[in-house]
Amino acid sequence: MTPRPSSSGPEPRKTTGKKTAGKKTAKAAEKPAAKKPVAKKAVAKKAIAKKAVASKKGTQKTAAKKTAAKQAAPREAAAPPRAEVAVCPALDAVDRERLLAGTHHDPHAVLGAHRVPGGVAFRAFRPYALAVTVLSGKLRVELHDDGDGFFSGLVPLGEVPVHRLLVAYEGTVQEVEDPYRFLPTLGELDLHLIGEGRHEQLWRALGAHPATHDGVAGTRFAVWAPNARGIRVAGGFNFWDGTGHPMRSLGSTGVWELFLPGVGAGELYKFEITRPDGSRTFRADPLARRTEVPPATSSVVHASDYTWGDEEWLAHRADAPAHEAPMSVYEVHLPSWRPGLTYRQLAEQLPAYVADLGFTHVELMPVAEHPFGGSWGYQVTGFYAPTARLGGPDDFKYLVDRLHRAGIGVLMDWVPAHFPRDDWALAEFDGRPLYEHSDPLRAAHPDWGTLEFDFGRREVRNFLVANAVYWCEEFHIDGLRVDAVASMLYLDYSREPGQWTPNEHGGRENLDAVAFLQEMNATLYRRVPGVMTVAEESTAWDGVTRATHHKGPSGFGGLGFGLKWNMGWMHDSLEYMSREPVHRKYHHGELTFSMVYAYSENYVLPISHDEVVHGKKSLVSKMPGDWWQQRANERAYLGWMWAHPGKQLLFMGQEFAQGAEWSEAHGPDWWLLDPEYGAAADHRGVRDLVRDLNTVYRATPALWRRDTHPSGFAWVVGDAADDDVLAFLRLDADGTPLLAVSNFAPVVRSGYRLGVPDDVPAWHEVLNTDAARYGGGDVLNPHPVKPDAQGWHGRPASIRLTLPPLATVWLRPA
């Protein structure tokens, strides 16, 4: 500051106005006596700076004080007036306070290097630093310590140079890049798509991404938090103190961004968010692609270097629609299938096991990161990160790759209906309801103590739609089984009157959720050839698997799913099978009713994890009778299930008749198959049956080609309730039949007559669930069966079969 003589004597007084200081520069040069007070003032300033730093770190560098004095002297002695009037480079009180409080929306506007009157102002915010020096080519300028971690200096340069910072801390000196010299890493197109809620590869814009920006290696961070007053990045790289790393707001999109040089893959981080009320919260990144192993909750900077080897699989994945191709699914909970195995260890065992049994697909219970293992993955906090319990994202890619190379498709459970309330995750992420609905009645999920997504908010829909695309594009997932669809579709789901508000038409349908599901399905099928989506939907909603542009009787377009779980079939058939055979004739309709609506949707027949836990018993334990009868009932049921229209899904452990319920703590009872175990043959027999069911099924187009068309099925006898017998034909597109006959009574029925077409000269038994190798009584039809001309069951010919007790028999033209 240039001094001005006082009217009362030589003692100068300070002036704060920039124009006044400029006008008095010449007078100061005329009166050398005025320099003495300036010198005193400089000494006082250095003393204050020294005291401020000493209070923080207990030391100060003399070189910093000398440099500040040298920088001040030329400005004081300048005689001629300048075209530009130099300004003080230090931050004003408002910006300082906002940066210290974590509420600055644009730190790049005040930190870094900026062209100002008098040259280039350099400002750095480095808490705990003793000194900061600007380096640019041969230029080396030590900045003034302004206190509280702020450093500044004015250098008489015409242009802003590329520069680095030399930062001195107690005991160390670091040469680093200045994060606040970089332009935003997100372009206008990214921000436009995010603002519209149409960024279909959102994970490429938001989250943490190692990158080279302006020739400098680092990580770009970006997060959507429109209600935040400020956001800072905290992590291991700054000792979890984000004070010196505030992010900038990129306008009305609600996106905050920061490029941090020197930060690479493997670093832990979170976002420190200042909420509207001024309080702060540390949050995991909603778009994190990797996380710490639970119960730790930090996000991890991730860069994939995986090279895929499943090109052949992907090239043929879309050759046939899923509902016109063979599809039998083995459902797996990865952490407990073989407890203790990692993704890569599972990749050495799971593909071989599934391929040996002949399943076409596996369905993985939720893989996305979740804090509580007991939720089985259905309460997700890291929607973009495979659970770290079993390895990293590239390890999970390796598992998917190995399954594909073994000829096995991969479905994954996906949970867009709700999320948990953990205060480090999505709940009130930036201090206000953001991902959840702002109406508490709409936000709270009544069954699980979780929060429902606000499907009406475009950014939330974008988050979820892009997430579906992410798993299929980045991890080559072949299909998503969408969990809890019914809870999304209905405003009154599990709610009493008065606990919900009708939609704009006065109905109970959640119009926002309908629109979201339609958008998700349409986007996924458009972007990913050969993908499929499967709805776990337990009601009679019209058009779950109808195309989104086709309206049904209700006036809604279809939801656009490829397949739907047939919950009605599952419930009715298990009710029937759990009854003692003597009572089954009174409940025959529980098996035949499914054919009344079998073609209303494209169905999957699920015997899933939900049916073998929490007191529901395992599949074999649901069956009545002694151990022999229980196994016979399960085998007969599986034979009937594999012949029924629809795709099959069987949960792990049920393929070898595990007697105990599933527990995520220890998984299937593999010891039952140990040859040293006395009853191992009983369990191996059931597993052998499952293998043969899959083998014959895949080789018999009549069992899958017309799964969704009535022309692929014809009853032979569906009303033989007194006999507990069901028989039907499955038909290929060219009319080639398979005859399936089930006898659910515990007696042999010899010479049982069944009507058949007259254009098949003989029938050959291709599968019998009572075969001795499966653990049955070996009551077979070993020779070809020729029809005779006696009409039966409304058909021109008939055959006579021996029906084993509690068994299903398949026959094909000989």
Side-chain angles (χ1 to χ4, degrees), residues 193-200 202-203 205-208 221-229 231 252-256 270-277 281-289 291 297 299 366 368-372 375 377-385 414-471 482-485 487-488 491 493 510-513 515-517 519-520:
L193 293 174
I194 291 171
E196 284 195 335
R198 297 290 299 172
H199 203 308
E200 294 175 358
L202 185 66
W203 68 92
L206 301 183
F221 296 89
V223 62
W224 176 62
N227 299 308
R229 292 179 60 190
I231 303 182
S252 61
T253 59
V255 174
W256 299 72
K270 280 186 177 181
F271 294 117
E272 181 187 357
I273 299 175
T274 302
R275 302 179 232 191
D277 64 1
T281 177
F282 281 85
R283 296 292 172 133
D285 183 358
L287 273 291
R289 292 169 296 141
T291 69
T297 60
S299 303
E369 192 60 272
H370 49 283
F372 176 49
S375 75
Y378 290 99
Q379 295 196 8
V380 180
T381 50
F383 281 81
Y384 284 79
W414 186 54
V415 192
H418 62 121
F419 58 91
R421 297 173 179 265
D422 299 79
D423 60 7
W424 49 267
L426 295 183
E428 293 192 349
F429 181 74
D430 58 3
R432 291 177 181 165
L434 188 65
Y435 289 91
E436 67 271 40
H437 203 283
S438 58
D439 180 351
L441 291 179
R442 289 280 298 274
H445 197 292
D447 288 347
W448 302 313
T450 52
L451 295 170
E452 296 184 8
F453 282 101
D454 183 359
F455 302 110
R457 186 160 191 167
R458 63 181 180 272
E459 297 93 345
V460 174
R461 286 202 310 272
N462 193 172
F463 174 81
L464 293 170
V465 171
N467 187 242
V469 175
Y470 169 76
W471 288 106
V482 183
D483 182 65
V485 172
S487 74
M488 301 165 65
L491 295 169
Y493 183 86
N510 187 336
L511 304 181
D512 293 334
F516 156 67
L517 291 171
E519 180 182 349
M520 181 275 298

Query raised in the report: Heavy atoms, side chains only, cut-off 4.5 Å: are P416 and V380 in contact?
Result: no
Query raised in the report: Any idea which heavy atoms bring P366 and H370 closest together, and the distance?
Result: O-CE1, 4.2 Å
Query raised in the report: How close do A205 and A222 get, heavy atom to heavy atom, and via which atoms?
Result: O-CB, 3.6 Å
**Report entry** Pairwise side-chain contact, L287 with V223, heavy-atom cut-off 4.5 Å (strictly under)
**Finding:** no
Report task. Please answer whether the main-chain N or O of W424 pairs with a side-chain N or O of D422 as donor and acceptor at a distance below 3.5 Å. Result -> no
Requested in this report: Enter the distance from D277:CG to N227:CG here, rounded to the nearest 0.5 Å.
Outcome: 11.5 Å
**Report entry** Non-neighbouring partners of E436 that pass salt bridge (Lys or Arg N to Asp or Glu O under 4.0 Å), sequence neighbours left out
**Finding:** none
Query - Atom pair CD (E369) and OG1 (T291), whose distance is rounded to the nearest 0.5 Å - result: 3.5 Å
Query raised in the report: Looking at side-chain heavy atoms only, is the closest gap between W414 and N467 below 4.5 Å?
Result: yes
**Report entry** Close side-chain approach of L451 to L426, heavy-atom, < 4.5 Å
**Finding:** no
Query raised in the report: Among all residues two or more places apart in sequence or in another chain, which pass the side chain to side chain donor-acceptor pair (under 3.5 Å) test with N510?
Result: none
Report task. Go through the structure and list residues passing ring-ring contact (aromatic ring centres under 6.0 Å, His included) with W224, not counting sequence neighbours. Result -> Y435
Query raised in the report: Considering residues at least two apart in sequence or located in another chain, which fulfil the ring-ring contact (aromatic ring centres under 6.0 Å, His included) criterion with Y384?
Result: F463, Y470
Query raised in the report: With a 4.5 Å heavy-atom cut-off, do L517 and F455 have their side chains touching?
Result: no
Query raised in the report: Any donor-acceptor pair under 3.5 Å linking the side chain of S299 with the backbone of D285?
Result: yes
Requested in this report: For R229 and R275, work out which heavy atoms get closest and say how close.
Outcome: CD-O, 3.2 Å
Report task. State which residues pass ring-ring contact (aromatic ring centres under 6.0 Å, His included) with F429; sequence neighbours excluded, sorted by chain then number. Result -> none
Query - Residues V482, M520; criterion side-chain contact (heavy atoms from CB on, under 4.5 Å); working and verdict - result: CA-CA 11 Å; V482 183; M520 181 275 298; 4.1 Å; yes
Query raised in the report: With H199, which residues qualify under side chain to side chain donor-acceptor pair (under 3.5 Å), at least two apart?
Result: D190
**Report entry** Those residues that, when tested against D423, pass side chain to side chain donor-acceptor pair (under 3.5 Å) (two or more places apart)
**Finding:** none
Report task. Looking only at non-hydrogen atoms, find the nearest pair between G382 and A368 and report the distance. Result -> O-CB, 3.5 Å
Report summary line: By side chain to side chain donor-acceptor pair (under 3.5 Å), W448 pairs with (sequence neighbours left out) none
Query raised in the report: Which heavy atom of V415 sits nearest a heavy atom of G377, and at what distance?
Result: CG2-O, 4.2 Å
Report summary line: Residue set satisfying ring-ring contact (aromatic ring centres under 6.0 Å, His included) with Y493, at least two apart, ordered chain then number -> none
Query - Heavy-atom donor-acceptor pair, W471 side chain to F383 backbone, under 3.5 Å - result: yes
Query raised in the report: Hey, does the side chain of R283 reach the backbone of A425 with a donor-acceptor pair shorter than 3.5 angstrom?
Result: yes
**Report entry** Sequence neighbours excluded - side-chain hydrogen bond (donor to acceptor under 3.5 Å, both in side chains) pairs with any residue from residues 449-464
**Finding:** H418-T450, E452-R495, R457-E459, R461-E519
Report task. Output all residues satisfying salt bridge (Lys or Arg N to Asp or Glu O under 4.0 Å) with R421, sequence neighbours left out; order by chain, then residue number. Result -> none
Report summary line: By side-chain contact (heavy atoms from CB on, under 4.5 Å), A228 pairs with (sequence neighbours left out) A225, I231, W256, I273, D430
Query raised in the report: Are the side chains of K270 and T297 in touch, meaning some heavy atoms are under 4.5 Å apart?
Result: yes
